[in-house]
Amino acid sequence: MSEFIPVCEPYLAGREKEYVLECLETGWISSAGKYVKEFEENFASYCGTRYAVGVCNGTVALHLALTAMGIGMGHEVIIPNFTMIASAFAVCYTGAMPVFVDADKETWNIDVSKIEAKITSRTKAIMPVSIFGHPCQMDEINALAKKYNLFVLEDAAESHGAEYKGKRTGNLADISTFSFFANKNITTGEGGMVVTNDENLYKQALYFKNLCFPLEGPRNYLHNEIGFNYRMTNIHAAIGLAQMEKADEYKEMRISNAMLYRKYLKDVRGIRFQHTDSNVLHVHWMNTIVINPVEYGKTRDELMSYLKTKNIDTRLLFVGMHKQPALKNYGCETQESFPVTDWLTDNGFYLPSASNLKEKTIEFICNEIISFRGV
Ligand SMILES: Cc1ncc(COP(=O)(O)O)c(C=O)c1O
């Protein structure tokens with residue numbers, strides 16, 4: 001097999017083209033147009049929430065959610081140290097400080113047992129991230145939030161359709177956000193969503209998303225606060241709606257790919273997968289493995305280079321927030337060590353994970369990993 005295998009690519013197998021063409025033919029290409037509302041309603045119902053607000057990407061979705069909760073200068077938000085940089089940057093946009101908690105060694109999500117020690121009088125919210133599609137242990141997080149009167153914002157950018165104790169992500173916190181970037185299980189190319197059951201947070205999100213135009217009354221072009229233009233276009237929403245029509249099918253494809261990787265690599269020493277807790281439905285956004293060089297006989301970097309020669313695309317994992325120069329400059333310098341994050345960053349990588357991977361492609365990738373091992 002010499003065809004290039006990308007680490008991920010969008011899967012657009014439904015009515016995406018038909019709906020987008022309709023936008024072009026009717027001229028409804030801005031954020032006005034029926035698809036935005038339809039996509040929002042559809043997505044809210046998929047998550048099991050009352051409200052959804054479409055925005056232009058997952059990063060601004062986080063910023064909007066934080067703004068809706070009134071988070072700003074002088075506040076702290078607890079986030080996982082092992083996450084995509086957008087989780088931390090969104091906190092910085094508000095003027096608040098992100099505070100880091102190391103990952104759990106098994107699920108790679110925020111280590112819930114280490115959150116309480118980070119709560120101070122300035123803490124306003126906890127932001128768990130459902131890493132690679134695995135929801136966090138939300139009962140414990142919500143209980144802590146209740147005890148200290150904090151908000152919970154779930155960054156569910158990677159976990160469309162995932163479940164914790166039978167409830168979907170999006171419906172596990174005060175407010176949650178999603179990304180629809182091209183590599184996500186549900187995509188609009190670029191796009192995001194804020195979902196909540198709280199009417200007040202919903203209204204705040206709608207208000208700040210659209211330059212703080214008043215939600216009711218005449219448009220007199222007077223603005224009482226500084227708002228943002230985070231609107232989603234009708235074209236993006238059209239793609240999103242088509243994706244939602246096949247959301248469960250796409251989710252099953254990702255889960256099935258993850259099971260195949262586990263099946264073909266199960267006897268290979270020195271390869272570790274993300275653990276799945278028994279009370280969650282993990283949607284396996286990306287297939288990630290961590291290499292133990294002693295047991296596997298080669299390092300992670302050697303394996304990635306080898307796979308490249310076989311036309312198999314891979315990616316490094318996130319670098320911990322504690323090592324980010326931008327965050328250090330912002331004032332997040334810390335002497336604390338984050339061993340689980342560092343272990344993941346130094347030894348882990350993504351394998352090809354597109355929804356429409358064929359079993360024979362996964363088998364080929366796994367056979368290459370098996371044949372390259374050094375012990
Ligand atoms: C955990 C997490 N949060 C936020 C984002 C930001 O989403 P976007 O790329 O749509 O801005 C991503 C994107 O991959 C992510 O993985």
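All values below were derived from every heavy atom in this structure, side-chain atoms included, with hydrogens, water molecules and symmetry-related copies excluded. In each ligand, atom 1 is the first atom listed, and ligand 1 is the first ligand listed.
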| request: With R219 as the cation and F213 as the aromatic partner, state whether NZ or CZ is under 6.0 Å from the six-membered ring centre and within 45° of the axis. | output: yes
| task | Enumerate the atoms of ligand 1 whose separation from the nearest heavy atom of A86 is less than 4.0 angstrom. | result | 4 (C), 5 (C), 6 (C)
| query | What do you reckon, does M84 have a nitrogen or oxygen under 3.5 Å from a nitrogen or oxygen of ligand 1? | reply | no
| Any N or O of K184 that comes nearer than 3.5 Å to an N or O of ligand 1? | yes
| said: For atom 9 (O) of ligand 1, what's the nearest protein heavy-atom neighbour? Residue, atom name and distance, please. | reply: S179 OG, 4.0 Å
| query | Sub-3.5 Å donor-acceptor pair from the side chain of E163 to the main-chain atoms of L281, do we have one? | reply | no
| request: May I ask you to identify, for T59, whether its side chain, its backbone, both or neither come under 4.0 Å of ligand 1 on a heavy-atom basis? | output: both
| request: Please report the shortest heavy-atom distance between I71 and A96, naming the atom on each side. | output: CG2-CB, 3.8 Å
| Backbone N/O of S159 and side chain of T169: donor-acceptor pair under 3.5 Å | yes
| query | Is E190 touching ligand 1 with its side chain, its backbone, both, or neither, if touching means heavy atoms under 4.0 Å apart? | reply | neither
| field | Distance from atom 16 (O) of ligand 1 to nearest protein heavy atom, with residue and atom | value | E158 OE2, 2.6 Å
| Just which atoms of ligand 1 are under 4.0 Å from any heavy atom in G58? | 6 (C), 7 (O), 8 (P), 10 (O), 11 (O)
| message | Ring centroids only, cut at 6.0 angstrom: are Y46 and F178 within range, meaning strictly under it? | response | no
| Output field: ring centroids F100/F82 closer than 6.0 Å | no
| Under 4.0 Å from any heavy atom of V129, which atoms of ligand 1 are there? | 1 (C)
| task | Ignoring angles and geometry beyond distance, decide whether D155 reaches within less than 3.5 Å of ligand 1 through its nitrogen or oxygen atoms. | result | yes
| query | Under the 3.5 angstrom rule, does the side chain of W285 hit a backbone N or O of N183 as a donor-acceptor pair? | reply | yes
